[in-house]
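This report refers to the structure that appears directly beneath it.
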Number of protein chains: 2
Amino acid sequence: MGNFNFRVVFRIISNNLFILSAALLISGAVAILAGEQVKPFLETAVLAFAVGLMLYYAARSKADHHPLSRKEAYLTVTLTWLIMSLTGSLPYLISGAIPSVTDAIFESVSGFTTTGSSILTDIEVLPKSILFWRSLTHWIGGIGIIVLVIIIMPALKIGGYHLFSMESSLQEKISPRIKTVGIYLLYIYISLTVAEIILLLAGGMNIFESTCHAFGTVATGGFSPRNDSIAGYSPYIQYVITIFMLLAGVNFIIPYYLVKKDFLKIRQNEEFRFYLVVVFIIGIFISLSLMKDMGKSAETAFREGFFQVVSIITCTGFATADYLQWPVYAWLIIFFCMFLGGSTGSTAGGIKMVRHLIVMKNVRIIFRRLSSPHAMIPIRLNKKMLNEEANNSVLTFVTLYLMVFITGSVILVLLGLDGATSASSVATCMAGIGPGIGSVGPVSNFAHLPQAAKIILSVLMITGRLEIYTVLILFSPSYWKK
Amino acid sequence: MGNFNFRVVFRIISNNLFILSAALLISGAVAILAGEQVKPFLETAVLAFAVGLMLYYAARSKADHHPLSRKEAYLTVTLTWLIMSLTGSLPYLISGAIPSVTDAIFESVSGFTTTGSSILTDIEVLPKSILFWRSLTHWIGGIGIIVLVIIIMPALKIGGYHLFSMESSLQEKISPRIKTVGIYLLYIYISLTVAEIILLLAGGMNIFESTCHAFGTVATGGFSPRNDSIAGYSPYIQYVITIFMLLAGVNFIIPYYLVKKDFLKIRQNEEFRFYLVVVFIIGIFISLSLMKDMGKSAETAFREGFFQVVSIITCTGFATADYLQWPVYAWLIIFFCMFLGGSTGSTAGGIKMVRHLIVMKNVRIIFRRLSSPHAMIPIRLNKKMLNEEANNSVLTFVTLYLMVFITGSVILVLLGLDGATSASSVATCMAGIGPGIGSVGPVSNFAHLPQAAKIILSVLMITGRLEIYTVLILFSPSYWKK
Ligand SMILES: [K+]
Ligand SMILES: [K+]
């Protein structure tokens with residue numbers, strides 16, 4: 001631990017706490033506008049600010065501006081999500097909206113990890129400011145993930161991210177140029193949010209719900225201020241949200257290239273194509289099955305099918321239909337989709353498209369090597385060679401992910417949950433989706449789960465959100481030695 | 001398909017059919033001794049011999065003795081297990097022991113793949129000769145696997161086998177020296193069988209049951225001629241079988257080295273050590289839990305715990321206790337063990353110890369690279385570098401294995417089975433274990449499953465047994481082109 005500099009860690013966390021208190025103050029403003037109590041937000045904001053200030057001064061005392069090392073980065077990232085989630089649960093507790101500590105933490109973790117699984121049985125009875133805060137945690141979590149996955153992880157070479165998310169010139173250090181990219185991404189994120197709010201307002205949704213839903217969409221979060229999620233809105237609204245979910249599941253580097261008019265890079269991006277093709281095929285299949293087996297009209301089947309498929313694949317979790325009422329094979333496909341995940345460099349969670357692509361490339365190469373074992377067949381992604389380290393990292397990731405999934409499911413079965421609920425709640429929480437199957441379907445919630453299950457799922461949400469390695473490394477002995 | 005030589009394929013299959021008819025004649029002899037009908041075996045033997053002869057002459061017509069190519073080998077291996085299983089189901093059908101075609105095929109596939117899952121509800125009512133045949137299919141399947149995994153697959157460089165199962169000098173071609181090794185392995189296999197028969201006879205088991213159980217143990221098959229498997233026998237018998245299951249789960253190259261007095265190679269074999277350590281730790285844990293939570297005496301707990309743990313880890317599937325009566329956490333550990341598998345180069349199935357070792361080494365390296373990303377840390381196995389190709393092959397294998405497991409489980413759920421039964425029957429059939437959990441536990445059987453489930457499980461038994469790649473490649477377009 002000799003070369004471990006806690007000051008850098010503190011400085012970053014203090015910055016994040018300042019951002020958090022600003023967000024809390026905004027929610028406080030919403031409370032004033034809605035004539036609700038400001039106390040929960042004000043008290044939490046003061047606490048967050050005070051702790052932030054303390055950490056800031058602790059970090060400044062012997063100010064050495066050395067850059068963040070890898071080890072420090074892992075701790076910072078995990079601590080950030082943990083501290084944000086714990087602090088963010090206070091408004092729920094202070095306002096009495098969620099009386100149980102476990103529940104409040106679950107809801108807050110679900111917010112900041114952009115999961116959207118909820119323990120609330122009746123959402124609409126809660127104060128508007130609390131619901132605003134709940135959606136805002138998604139939005140903050142989403143921007144955090146964009147920054148983490150597009151800027152921090154590639155720079156730290158975590159999980160092979162530097163190889164498929166950014167140009168190589170940007171990979172070396174968190175340079176001024178990367179900061180420029182960061183600001184671009186922030187613009188894109190805000191533009192998407194604003195555009196969606198405007199389009200929702202145009203469809204007759206009020207400003208409060210438009211904002212909450214836009215936060216939930218762009219962050220692929222899935223919290224809705226309405227009990228029936230998006231089901232009660234007009235087809236127009238549902239189409240708008242489908243399109244924005246689809247956009248939110250795209251690597252944010254794609255709109256960046258679009259702005260830069262670098263169309264070649266977009267055409268070469270295999271994950272982008274793969275993502276669109278997968279969504280299209282599964283969407284069409286489900287739509288046809290809803291027409292055929294449930295007798296829905298073409299438009300309804302198309303709208304309902306694509307909404308649900310896009311919502312699950314992009315790990316958003318909004319719903320316009322209870323897919324558990326669909327034919328069994330249709331909702332089993334939805335369960336499968338929980339293992340897909342959107343694109344890297346988006347706010348979507350899960351295994352993600354590019355990793356599936358790489359696994360498929362590996363399988364194909366093994367098959368080709370089986371026939372001609374002396375052929376050297378390199379794995380290429382986006383016309384570039386994928387090196388051994390990145391490839392192993394991806395394969396190990398998928399293996400670990402599936403092992404954590406099986407282990408988590410078994411533990412929940414052990415806690416007395418049925419198989420479908422166990423497997424799907426682990427799958428949905430690890431991938432940051434929201435609803436599952438069984439007793440945690442889209443019209444149900446996580447309230448009835450035992451406390452231990454809620455804690456385990458909270459841990460899995462953070463572990464999944466931070467791409468597993470980032471959290472697991474903190475438990476590896478080699479991390480803490482020297 | 002231009003360079004595809006069906007003649008070589010035919011020649012090998014015809015040889016296998018000759019072996020099969022010999023085995024059928026032996027079972028016929030058992031029928032004569034037991035005063036049972038010989039017809040089922042005689043008729044099948046004649047058929048197998050006739051088809052074998054036909055193929056032999058078809059293959060001989062323009063005899064070109066060119067060696068087996070890779071493509072031909074895959075087809076041969078899969079066809080061999082398929083044809084053996086289909087032919088082997090005839091005695092069940094002709095004798096009327098198993099009237100349903102699907103059931104007879106399931107039982108036969110389960111035999112030749114050394115799985116040991118059974119559709120029989122009452123085993124003891126069947127003719128002795130049929131039960132002998134049933135156990136003999138295990139024994140034939142077991143020797144087939146040893147030859148496949150230690151000799152054929154390394155020579156064909158399938159699944160990275162050439163890197164961890166044999167010395168490099170033996171890897172190039174199926175050379176005369178490899179044939180010598182093959183004969184050694186056959187000796188070891190037969191010696192183990194004979195030794196177990198003698199020790200079981202010494203414990204008072206009759207010659208018929210001793211032979212059947214020895215076949216089932218050495219092949220890690222698990223079919224027993226008794227309804228309650230090994231539960232009704234004396235502790236001595238149970239200990240003998242535990243030890244022989246443990247031996248059968250060891251890479252057969254270890255006794256080969258032992259005979260050659262190459263102790264260094266044994267000491268360096270990481271999989272061997274890992275296997276023993278894993279069995280020991282899980283066995284002790286389960287034994288303690290049986291003492292503590294079920295109030296069993298130390299000896300009973302130790303015997304029962306180790307028997308079940310060794311039986312599942314080595315993929316044998318014999319039982320002396322119904323683990324579903326154990327505390328939930330204990331049988332969930334048993335479910336986990338279904339994903340372990342014994343050693344490579346043994347008759348055990350599943351993912352296997354060495355692959356888990358390699359996954360763990362990859363995880364460790366990723367963690368170490370996270371801290372010091374510029375370090376080149378090679379993966380070593382048995383003091384040798386594991387090359388990229390073999391490493392990728394192992395990682396992809398585990399990923400594919402888990403994906404096939406999840407897909408299979410979902411399909412069985414789709415067919416109306418409950419979660420525990422679905423997941424565990426897929427896990428147990430893919431790994432060639434035998435019993436599962438839920439409604440296919442150690443005191444139950446597979447009779448009640450829908451026909452479609454039995455067919456899917458039969459396919460999974462063969463796919464799992466032949467290490468997935470061997471079967472899947474037949475469905476890859478690149479296999480059939482050119
Ligand atoms: K979500
Ligand atoms: K078995």
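Note that the coordinates shown come from a computational prediction; the quantities given were computed from them, not determined experimentally. Throughout, protein chains are lettered first and strands after them, A, B, ... in sequence-line order, and every chain is numbered starting at 1.
Heavy atoms closer than 4.5 Å to chain B are found in the side chain of A/N391, but not in its backbone. For A/L472, the parts sitting under 4.5 Å from any heavy atom of chain B are the backbone and the side chain alike. Neither the backbone nor the side chain of A/Y401 comes within contact range of chain B; no heavy atom of the residue lies under 4.5 Å from a heavy atom of that chain. In this structure, the portion of A/L400 lying under 4.5 Å from any heavy atom of chain B is its side chain and not its backbone.
Shown here for A/V359 and B/T396, the closest heavy-atom pair between the two residues is O-CG2, 4.5 Å. The two residues B/L395 and A/T399 make their nearest non-hydrogen contact at O-OG1, 3.9 Å.
Pairs passing the side-chain hydrogen bond (donor to acceptor under 3.5 Å, both in side chains) check and including a residue from residues 408-424 of chain B, sequence neighbours excluded, read B/D418-B/T421, B/T421-B/S439.
For the options A/F335, A/F339, A/F336, A/W331, heavy-atom pairs under 4.5 Å to chain B are most numerous at A/F336. Heavy-atom pairs under 4.5 Å with chain A peak, among B/V398, B/V328, B/V410, at B/V410. The candidate with the highest count of non-hydrogen atom pairs below 4.5 Å against chain B, out of A/I411, A/L402, A/V413, is A/L402.
The side-chain heavy atoms of A/F405 and B/I406, taken from C-beta on, include a pair separated by under 4.5 Å.
In this structure, CG on B/N392 lies 8.0 Å from CD1 on A/I365, to the nearest 0.5 angstrom.
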